[in-house]
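To start, the structure under review is shown below, and the notes come after it.
No hydrogens, no waters, no symmetry mates; every other heavy atom, side chains included, goes into these values.
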Amino acid sequence: VIQLESMRIVIAQPPFSDALEITAVKPITKLDLNYYKLNESLLYRLQERAEGVLVAGSPGAGKSTFAQALADFYAGQNKTVKTVEKPRDLQVGPEVSQYTSLDGDFRKTADIMLLIRPDFVIFDELRKTDDFSAFADMRLAGIGLVGVIHSTTGIEAIQRFIGRIDLGMIPSILDTVIFIKDGQINEVLELRMTVKVPSGMEERDLARPVIEVSDFETHELKYDIFVFGEQVSVIPVGETKPIEPLPQGERKRLERMIRKAAGINKMRIRNIIATYRRHF
């Protein structure tokens with residue numbers, strides 16, 4: 001892989017490929033933030049509140065183009081902006097310094113960023129678990145971050161953090177997800193942590209920490225993310241239907257049957273009943 005100024009050249013040969021192949025890619029356009037026609041609320045959020053931004057989209061959708069527009073936007077506000085890339089191919093102004101992995105490890109680059117303490121870092125892009133760890137370390141240290149990640153939907157971009165980062169820390173690391181499709185902003189999601197009964201459940205005993213994922217513009221709740229049993233569940237709220245509580249007599253009878261058959265405690269019984277009601 002060769003980065004020649006703005007051109008990326010990938011050379012493949014046997015045995016990696018079946019024949020010699022050379023692919024050269026170069027950017028064909030550079031856009032500023034005005035091109036995306038952001039509404040006032042989103043522009044205000046990017047200026048004042050959003051410091052854990054995830055730019056998501058499929059390959060070639062325009063993620064990096066939007067990220068470099070954000071980099072120039074922040075630099076134009078007299079913010080100290082750095083990029084962390086591999087390879088360094090974002091087309092940004094000379095006032096934005098571009099870094100790559102140190103000894104092949106983005107976590108070492110993150111250590112340097114903590115010493116430099118920039119206002120914003122553009123992280124292009126998140127792929128491996130170590131990349132997610134470096135991203136989390138910088139964000140929790142107070143550095144504003146814009147991460148670029150491959151995904152086919154906005155919620156899938158969030159799901160890529162699950163299992164790599166402790167679930168309860170995700171809202172502290174991410175607050176805004178911008179999904180890019182065909183070069184345009186297709187969806188903007190916001191995250192927040194709360195304690196509640198997950199959507200679709202009725203029993204108060206099932207209250208737990210839940211990450212709510214909402215549409216930024218309409219504030220409509222779209223997904224609940226929570227731990228159920230030993231698994232992390234991502235539930236589309238629009239597809240859940242509230243379930244009426246079981247009659248008191250039927251519930252007690254079901255509890256007695258389960259307790260007698262399995263010999264387990266009352267809280268575990270309630271979780272089993274809740275699962276039973278959701279599926280049947």
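- Within a 6.0 Å sphere centred on NZ of Lys86, other residues, nucleotides and ligands contribute 12 heavy atoms or fewer.
- Around atom CD of Glu40, no more than 12 heavy atoms belonging to other residues, nucleotides or ligands sit under 6.0 Å away.
- Within the 3.5 Å criterion, the main-chain N or O of Leu102 finds a donor-acceptor partner in the side chain of Thr109.
- Side-chain contact of Arg88 with Thr100: a donor-acceptor pair under 3.5 Å is absent, judged by distance alone.
- Each of Phe226 and Val234 belongs to its own hydrophobic cluster when Ile, Leu, Val, Met, Phe, Trp and Tyr are linked at side-chain heavy-atom distances under 4.5 angstrom.
- Partner of Ile170 under the side chain to side chain contact (heavy atoms under 4.5 Å, CB included) criterion, out of Ile225, Asp175, Ile211: Ile211 alone.
- Hydrophobic clustering places Met138 together with Val177 (ILVMFWY residues linked when any side-chain heavy atoms are closer than 4.5 Å, directly or through intermediates).
- Residue Glu217 qualifies as open at atom CD: its count of foreign heavy atoms under 6.0 Å is 12 or below.
- In this structure, Arg117 and Ile143 have side chains that are in contact, with non-hydrogen atoms separated by less than 4.5 Å.
- Side-chain N or O atoms of Thr83 include none that pairs as donor or acceptor with a backbone N or O of Glu85 at under 3.5 Å.
- In this structure a side-chain-to-backbone donor-acceptor pair under 3.5 Å is present from Gln98 to Leu90.
- Between Phe106 and Phe135, the distance from one ring center to the other does not fall under 6.0 angstrom.
- Shown here for Val92 and Ala71, the closest heavy-atom pair between the two residues is CG1-CB, 4.0 Å.
- In the displayed structure, Glu48 atom CD is contacted under 6.0 Å by more than 12 heavy atoms of other residues, nucleotides or ligands.
- No side-chain donor from either of Tyr223 and Gln159 sits under 3.5 Å from a side-chain acceptor of the other.
- Residues Val25 and Val148 are members of separate hydrophobic clusters, defined by side-chain heavy-atom contacts under 4.5 angstrom among Ile, Leu, Val, Met, Phe, Trp and Tyr.
- Linking ILVMFWY residues whenever their side-chain heavy atoms come closer than 4.5 Å, directly or via other members, leaves Ile173 and Phe179 in distinct clusters.
- Here the closest heavy-atom approach between residue Ile165 and residue Ala136 is recorded as CD1-CB, 3.7 Å.
- A 4.5 Å side-chain heavy-atom check between Leu20 and Ile11 finds at least one atom pair inside the cut-off.
- The shortest heavy-atom contact between Pro118 and Met113 is CD-O, 3.3 Å.
- Among residues two or more places apart in sequence or in another chain, the salt bridge (charged side-chain N to carboxylate O under 4.0 Å, His left out) test is passed with Asp72 by Lys30.
- When all heavy atoms of Ala61 and Ile180 are compared, the closest pair comes out as O-CG2, 3.4 Å.
- Ion pair Glu212/Lys196 flagged as a salt bridge, since at least one NZ, NE, NH1 or NH2 atom sits closer than 4.0 Å to an Asp/Glu carboxylate oxygen.
- Judged purely by distance below 3.5 Å, without hydrogens or angles, the side chains of Thr152 and Glu156 pair a donor atom with an acceptor atom.
- Residues satisfying the salt bridge (charged side-chain N to carboxylate O under 4.0 Å, His left out) test with Glu51, not counting sequence neighbours, are Arg139.
- For Ser133 and Arg164, the side-chain atoms include no donor-acceptor pair closer than 3.5 Å.
- Between Pro198 and Phe228, the closest side-chain pair of non-hydrogen atoms is not below 4.5 Å.
- Taking every heavy atom of both residues into account, Pro171 and Gly168 meet most closely at CD-O, 3.6 Å.
- Side-chain contact, Asp215 with Thr218: a donor N or O sits under 3.5 Å from an acceptor N or O.
- Note on Val121: it clusters hydrophobically with Ile149, by side-chain heavy-atom contacts below 4.5 Å among ILVMFWY residues.
- Scanning both residues, Leu145 and Phe120, for their nearest heavy atoms gives N-CD2, 4.3 Å.
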